[in-house]
Number of protein chains: 2
Amino acid sequence: MKNRIKELRTERAWTQADLAQRVGVSRQTINAIETGKFDPSLPFAFRLAKLFNLTIEELFLDDQ
Amino acid sequence: MKNRIKELRTERAWTQADLAQRVGVSRQTINAIETGKFDPSLPFAFRLAKLFNLTIEELFLDDQ
DNA sequence: ACGCGATGTCAAGCACACTTGACAATGGCC
DNA sequence: GGCCATTGTCAAGTGTGCTTGACATCGCGT
């Protein structure tokens, strides 16, 4: 499951730590999700989508 | 995180086992999600939304 | 070249998503 | 009342989402 998090984060000139703090997870979690180690939980995905003003479908790409 | 799964499933006259088979999880998992025991994973949420022809935001209600 | 912030990554641990197998409770139908 | 499909729920196990702490590496500015 790909995502546009790194792209949207760097657009805003936020560090991984900045973003982590905004959505309430650890920096390592942001890094792991950006580098495709695992997918976020559903509530966490909602928080990210809300932060970037996107739908979950726009933020996460379902490549099955 | 509330969801409309039970409502949409019964509309279609599917059993929990029917739905489970369609999205590739166990019946107990469907039951647990309908009864609010836990939230589905993000890829699983995508499969459910796709099956019901809804967006994730329409299927899952973010009550934080 | 050096320092330093940002990023990538590892290990160990905890909580939860999901499994199979089993059984009790519900509810409609004969 | 009795049968049977459906649903709810428990236990025990596996895998993954997420944590903290630590350390290596990658720019980039000076």
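Convention: sequence-line order gives letters A, B, ...; per-chain numbering from 1.
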Kindly calculate the angle separating the two end axes of the helix from C:dA1-D:dT30 to C:dC30-D:dG1, each obtained from five base pairs, and round it to 10 degrees.
40°
Grab the CD1-P distance between B:Ile5 and C:dA17 for me, whole Å please.
13 Å
Rounded interatomic separation in angstrom, taking CZ from A:Phe38 and P from C:dC14
17 Å
Nearest-neighbour nucleotide for the B:Ile33 side chain, C:dC18, D:dG8, D:dT20 considered:
C:dC18
Is A:Ser26 close enough to D:dT19 that one of its side-chain N or O atoms is under 4.0 Å from OP1 or OP2 there?
yes
Between B:Trp14 (CH2) and D:dT7 (C1'), how many Å, whole number?
18 Å
So CH2 of A:Trp14 and CG of A:Leu51: to nearest 0.5 Å the spacing works out to 4.5 Å
For the pair made of CD1 in A:Ile30 and P in D:dG17, what is the distance, rounded to whole Å?
14 Å
Send over the distance from B:Glu34 CD to C:dA17 P, rounded to a whole Å.
16 Å
Which one, D:dT6, C:dA17, C:dG8, comes nearest to the side chain of B:Ser41?
C:dA17
Expressed as a whole number of angstroms, how long is the span from B:Phe60:CZ to C:dA17:C1'?
13 Å
For the residue pair B:Gln16 and B:Asn31, what are the closest heavy atoms and their distance?
NE2-OD1, 3.1 Å
side-chain N/O B:Arg9 vs D:dT7 OP1/OP2, d < 4.0 Å:
yes
Please tell me which of the listed nucleotides, C:dG8, D:dA22, C:dG21, lies nearest to the side chain of B:Gln28?
C:dG21
Within the distance-only criterion (no hydrogens, no angle test), does the side chain of A:Asn3 pair as donor or acceptor with the backbone N or O of A:Ile33 below 3.5 angstrom?
yes
The residue among B:Arg9, B:Lys2, B:Arg4 that forms salt bridge (charged side-chain N to carboxylate O under 4.0 Å, His left out) with B:Glu34 is B:Arg9
Within this structure, what is the CE-to-P distance between A:Met1 and D:dG17, rounded to whole angstrom?
11 Å
Are B:Lys37 and C:dA17 close enough that a side-chain N or O sits under 4.0 Å from OP1 or OP2?
no
I want to verify a distance call: between D:dC18, C:dC16, D:dT9, whose nearest atom is closest to the A:Phe44 side chain?
D:dC18
Could you work out which one of D:dC10, D:dT7, D:dT16 sits closest to the side chain of B:Thr15?
D:dT7
Spatial distance of atom CD (A:Glu57) from atom CG (B:Leu54) [nearest 0.5 Å]:
9.5 Å
Quick one: is B:Lys6 getting a side-chain N or O under 4.0 Å of the D:dG8 phosphate, OP1 or OP2?
yes
Phosphate OP1/OP2 of D:dT7 contacted by B:Asn31 side-chain N/O (<4.0 Å):
no
Side chain of A:Gln16 (C-beta onward), nearest among D:dT9, C:dT7, C:dA17:
C:dT7
Does the pair B:Arg12/B:Asp18 count as a salt bridge with the N-to-O cut at 4.0 Å?
no
How close do A:Arg27 and A:Ala17 get, counting heavy atoms only, and between which atoms?
CG-N, 4.0 Å
Mind calculating the distance between CG (B:Asp39) and P (C:dA17) to the nearest angstrom?
6 Å
What distance do A:Ile56 atom CD1 and A:Leu42 atom CG have between them, rounded to the nearest 0.5 Å?
5.5 Å
Side chain of B:Arg27 - closest among C:dT7, D:dT19, D:dG8
D:dG8
